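All of these numbers come straight from a predicted model, not from anything done at the bench. All values below come from the heavy atoms of this structure, side chains included, with hydrogens, waters and symmetry mates left out.
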Amino acid sequence: MTERFDHVSREVTSLHEPASWRVDWTCGSASDPRLLRSLNGHDAPVVAVATAVVDGRPVVVSASRDATVCVWDLATGERLHTLTAAPPDPMSSLSPELVALATVVVDGQPLVLTCHIDGTARMWDPATGRSAGELALGLAQMVLDGRHVVLAVQADRTLGVWDQTTGSRLGVFPWMVDIGVLDGREVVVTCPPDHQTQAWDLATGRKVGECLAAEGPWTLEGRDIAVTEEEGQAGRVWDLDRHVLLAADLRELLADAEYEHAVSALASADTVSTLTVVDGRVVVLDTHYEGPPELVGDLVPVFMPYGPSPTQTLEGRSVALAVGVDHTLRFWDLPTSPMDSTGPDGTRSVRSIPLEAAAGKELIKGGPEDLVDLASLLSARTNSLVVAESGWEIQVRAAARNLVLGDTPVSLVPGPDGTVTPLHTLDRTAAGSVLTGHTDRVWAIDTVPAGTRTLAVTTSRDRTVRVWDLDTGEQEGEPLTGHTGQAWGVATTVVDGRCVAVTAGEDHTVRTWDITAARGDGGRLRAGHTESVLAVATAVFDSVPVIVTAGADHTVRTWDLTTGSQTCDPLNAEVSAMTTAVVGGHPVVVTAAPDATLHIVELATGRAVHRPFPSGHGRVLAMASTTLDGRPVALTAGSDRVVGVWDLTTGQPLAAPLTGHSSRITTVATAVLDGRSVAVTGSWDKTVRLWDLATGRQLGEPLTGHTDWVTAVATATLGEAPIAISKGRDRTIRLWNLSTGQQIRDPQAAESGSGNTLAVSAMADGRLVAAFGDDRTVRFRDLTAGCPAGTDHLLPFPVHSLAAAPGGRFAVGFGDEVGVLSRAS
C-alpha cells in the first residue's frame, strides 16, 4: 500500500496552487509529521522570526542577512510581501545591520518592527508590505516661540521639529549633523552630500548666515586661515583661531612671490570645503573627513548625555516616539517589563498615548541599553539578536526568556553547554529541572501554553530544535531536525488550536512545526543517509521495483519504490558514480570508487560478483548499463575523455574504449536504435555523440548546438522516434532525433545552469516529462508539447540526483534525504 504524507506534500508544493506533483514518500527529517512546511526564498541566512495575525490569518515575519524581511502566510506558505528592511545610507552606500525583529499590535493594528545597529527602528504594515513609518530618535525637548516641541531625527538623518501638543511637524531639516545655540537662538547644522554646510533657525526655518566655499587651512604667521572665493570678488581670508575676517584679499597679507606660493599650497589642500559666516564671524567649519563637521566660533552644541534613543521616559513610563508615513508624531506607551502579558501569537499590545496627555510633559532620554532591549521588550522574547559581524562569521547573542508559570515569574537562562536553567526571576534560585539535551549553545527560546501545560521551544548551534514540558522538565519527543545550519531564531503561535513553532536557520530557510503532534506508526521517521545523496538509480528486487541510492556517508541503500521502506541492509561503498544491472539473474549495483576502481555487488546479499578491478579512467564521472547480445554491460565515462565498455558477467572489457570527445565526458545514457544497442554521451566539448556498442564506432557526426558544456543526457521514445535529451551549462534543454541526428524544435530554457540532474519519464497519457534540479527546486518540462509540465516543487535541501522511476514517477535525492514524486493532476 502506498504511503502518503500530507504534511510533506504541503512542504514541497510550490507557492502556486494548484500543485500538479506530489510526494509519495520521503525519508529523513522531511518525513517527520511535525514538520509542516519549509519556507524558501531568502538568499542568505535567516537570523530572526516573529509571528502575528493579519486580517484574521496567522503570518510569519522573517529577517535575513540578505537585507530583506519577508511576510509569509503561515497556513499556505505563500510569501505575501518582501520588505527592504533598511535602505543604504546615501553617504556610505551600506545598509545598517539588522539587530532585532519584533511584531507589535498598536491600537489593534499589527505592525512589524525592525531594529538596526545604527539605533533606528522602522515600522511596516504586514497587510500591505508598505512602510508604516519609524520610531524617531528623540534628541531634545525645548520651547520654541512659546511652543513645547520635540526634536527627533529619522533614519535618513532628517531632523523633524514636532509640536508635542498636536503631534504635527513644524519643520524639517534634511542631512542634520548637529543642533546648537547661536546668539541665544536654537539652530540646526545640515551637511548634504555636496558638503555645503548650513545653519538654520529651528523656530523660523530660515538660513542663518552665509554659506561659502572655502580652501585651506593654511598657516600664516602661526595662525590657521581659510580663503573663500566668491564670483566677481577677491578671495576673503578668515582667521580660524579667532573666527573673524582677517583680510578682504589675500594680497593684502602677502607679497607677490609669497602670494603665488600660497595660491599653489591652497589648491592642493582639501580639508576645508565650506564655512558659514554669521554677522562677519565664522561659526561652522566643514571638512572632507568622514566625521561630522567641526564646529567653531559661537555655536554651542546641545549636549546629549546618551546620544540618540528611540525610547524615552514620560512621567515614569517608557515611551517611544513613533513617526508615521503621514508625518505625524505619536507616543507609544511601552510595556514596563518583558513579562507583561502578550497575545496568543506572542506579539505585544502597545497603546498610543493621547496627545493631550503628553502635552507639556517632560521627556527624559533613556539609556543606551534601551537600543538593544527594545525589540525584546516589545516581543516579550529575545529573538536571536545579531550583535556583531567579524569577517565572514556572524555572531549571535543567546538570551533568556522571561515568563510567568502559575503566579511565579521565571527566567529560562541558557548556558554555554547547551543546557537551559529555569530560575526564579526575583532571587535567581532554581525554579525547576534543568533542560538537558542540546549538545551546543542555545541561541533562542520561546514558550507557548498548550492546554494546562507550558511548552518551551529552543533552537541551538547544534542545528536542532527541541520542545520541552516546563512542568516536568522533560523533552517532548525526538529533536526536530532538518536545518542544515545553525538554528538561530524561534517564535511560537497558535493556529486553529494547535501550537506551532517557527524557526530561522543559517541554511536560508524558515521552518514551521506542529510541536504538539506525536509521531505515530504511519508517520515514523525513516532513517537513511546521514550525508548528501550523490546518485540515484532504479532496479527490480524480488519482483518489487526499488530505488538504489549512494551517499557521501559511504553507504548504498535500497528502498521500496512504493512504500519507502528499506528492503535490505545498507552496503558500504565510497561512490563517485553508480548504475544498476542484472547479472546471473540477480540484481546488482555497479559502483565506481574515487580511485576509478569498479565494484559489482549483489543487492540481496552484499556479495561481490567480482574482485574490484581498475577502469583505467583517471576518475569515473558517469555510468550507465544496458544489454548487448544478451550480456549485461556497464558503460563508464571518464575524465580521460573515453568511454569504457564492460562485460559485467566476466568483469572484463568488452571492447576497446570509445574515443572521439576532445574534453572530459560528463554523462552517458543508452538506447536501442534500429535494433542496435547504442550509447549517447555528453562532454565539456559542447557536443553530444552517438556510439554503436557492437562495433565501438561513432555513428554520424557529433550533435552540435550547445554553446557550453553538456552536463546531462537521457534517452526516450517520442512517438515512434528514439530521441536523446541533453542539458547544458548554457541553460538549455535540447531534443535530438537519434535516427536522423537532427535537433527537434528549438532549444527549451532549462533555467538551472550547470547542474547534472536530469531524468525523463513517460506519463500514463503517453507524454514525456523531463525533471531537472535547480538548487532546492525540481522543475518539470513536457517534452511532447514543449511547455512546463506543472508547477515547480520546492524541497528543503538542494537537489543532487534524479532518476526516472516506473509509473511516471521520479526518484529524487535532496540533501541527505530521498523521496519519490508523482503526478497529482
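- Taking all atoms of both residues into account, the shortest heavy-atom contact from Ala444 to Trp488 is CB-O, 3.4 Å.
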### Task
Take Ser131 and Trp124 through the side chain to side chain donor-acceptor pair (under 3.5 Å) test and state the conclusion after the steps.
CA-CA 4 Å; Ser131 172; Trp124 307 88; over 6 Å; no
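- Not counting sequence neighbours, the partners of Val54 by the side chain to side chain contact (heavy atoms under 4.5 Å, CB included) test are Val59, Pro110, Pro126, Ala127.
- Remark: Ser64 engages Asp66 in a side chain to side chain donor-acceptor pair (under 3.5 Å) (not counting sequence neighbours).
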### Message
Does Trp21 form a side chain to side chain donor-acceptor pair (under 3.5 Å) with Thr791? I'd like the steps, not just the answer.
### Response
CA-CA 7 Å; Trp21 293 83; Thr791 52; over 6 Å; no
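- Note that CH2 of Trp72 and CG of Leu80 are 9.5 Å apart. Values are rounded to the nearest 0.5 Å.
- Judged purely by atom type and a 3.5 angstrom limit, Thr76 uses its side chain to pair as donor or acceptor with the backbone of Glu78.
- With sequence neighbours excluded, the residues forming a side chain to side chain donor-acceptor pair (under 3.5 Å) with Thr419 are Asp417, listed by chain and number.
- In this view, Thr512 satisfies the side chain to side chain donor-acceptor pair (under 3.5 Å) rule with no residue, not counting sequence neighbours.
- Evaluation of the side chain to side chain contact (heavy atoms under 4.5 Å, CB included) rule for Ala805 yields Thr538, Leu561, Arg809 as partners, not counting sequence neighbours.
- Side-chain atoms of Thr447 and Arg401 form a donor-acceptor pair, as typed in the model, at a separation below 3.5 Å.
- In this structure, the side chain of Thr26 does not engage the main chain of Gly819 through any donor-acceptor pair within 3.5 Å.
- Side-chain contact check for His800 and Thr757: no donor-acceptor pair (N or O, by modelled atom type) lies under 3.5 Å.
- To the nearest 0.5 Å, atom OG1 of residue Thr458 and atom CG of residue Leu480 are 9.0 Å apart.
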### Task
List the steps, then state whether side-chain contact (heavy atoms from CB on, under 4.5 Å) holds for Val536 with Ile547.
CA-CA 7 Å; Val536 175; Ile547 299 169; 3.7 Å; yes
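- With sequence neighbours left out, the side chain to side chain contact (heavy atoms under 4.5 Å, CB included) criterion links Asp782 to Arg767, Thr784, Ala785, Cys787, Ala789.
- Two residues are said to be in side-chain contact when any heavy atoms from C-beta on lie closer than 4.5 Å; Phe772 and Arg781 meet this criterion.
- Rounded to the nearest 0.5 angstrom, Thr114 OG1 and Leu101 CG are separated by 7.5 Å.
- Here the straight-line distance linking atom CD of Glu474 with atom CG of Leu435 works out to 9.5 Å at 0.5 Å rounding.
- Once rounded to the nearest 0.5 Å, the distance linking CG of Leu821 with CH2 of Trp25 reads 10.5 Å.
- No hydrogens or angles considered: nothing links the side chains of Thr128 and His81 as a donor-acceptor pair under 3.5 Å.
- For the salt bridge (charged side-chain N to carboxylate O under 4.0 Å, His left out) test, residues two or more places apart in sequence or in another chain that qualify with Asp514 are Arg498.
- For Arg130, the salt bridge (charged side-chain N to carboxylate O under 4.0 Å, His left out) criterion is met by no residue, not counting sequence neighbours.
- Interatomic distance, Arg79 CZ to Asn40 CG, rounded to the nearest 0.5 Å: 9.5 Å.
- By the side chain to side chain contact (heavy atoms under 4.5 Å, CB included) test, Ser761 pairs with Met763, Ala804, Phe810, sequence neighbours left out.
- Among residues two or more places apart in sequence or in another chain, the salt bridge (charged side-chain N to carboxylate O under 4.0 Å, His left out) test is passed with Asp469 by Arg453.
- Within the 3.5 Å criterion, the main-chain N or O of Asp440 finds a donor-acceptor partner in the side chain of Ser460.
- Counting only N and O atoms by type, the side chains of His793 and Thr777 include no donor and acceptor under 3.5 Å apart.
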### side chain to side chain donor-acceptor pair (under 3.5 Å) between Asp816 and Thr530, worked out
CA-CA 6 Å; Asp816 58 6; Thr530 57; over 6 Å; no
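- The salt bridge (Lys or Arg N to Asp or Glu O under 4.0 Å) pairs that include a residue from residues 40-63 are Arg57-Asp73, where partners are two or more places apart or lie in different chains.
- When every heavy atom of Gly489 is checked against every heavy atom of Thr459, the shortest pair comes out as O-CG2, 3.5 Å.
- Contact between Met123 and Leu113 at its shortest, heavy atoms only, is CG-CD1, 4.0 Å.
- Val502 and Val49 get closest at one heavy-atom pair: O-CG2, 3.5 Å.
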### Task
Run the numbers on Val820 and Val23 for side-chain contact (heavy atoms from CB on, under 4.5 Å), then give the verdict.
CA-CA 6 Å; Val820 170; Val23 172; over 6 Å; no
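- For the pair Val448/Thr493, no side-chain contact is recorded, criterion being any heavy-atom separation below 4.5 Å from C-beta on.
- In this structure, the side chains of Trp443 and Arg461 come closer than 4.5 Å at one or more pairs of heavy atoms.
- You'll find the side chain of Asn402 reaches within 4.5 Å of the side chain of Ser411, heavy atoms only.
- Not counting sequence neighbours, the partners of Thr464 by the side chain to side chain donor-acceptor pair (under 3.5 Å) test are His438, Asp462, Arg466.
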### Task
For the pair Thr328 and Arg330, evaluate side chain to side chain donor-acceptor pair (under 3.5 Å) and give the outcome as yes or no after the intermediate values.
CA-CA 7 Å; Thr328 59; Arg330 295 181 175 86; 3.1 Å; yes
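- Residues Val410 and Val404 are not in side-chain contact: their nearest non-hydrogen atoms beyond the backbone lie 4.5 Å or more apart.
- Counting heavy atoms of neighbouring residues, nucleotides and ligands inside a 6.0 Å radius, atom CG of Asp496 does not exceed 12 of them.
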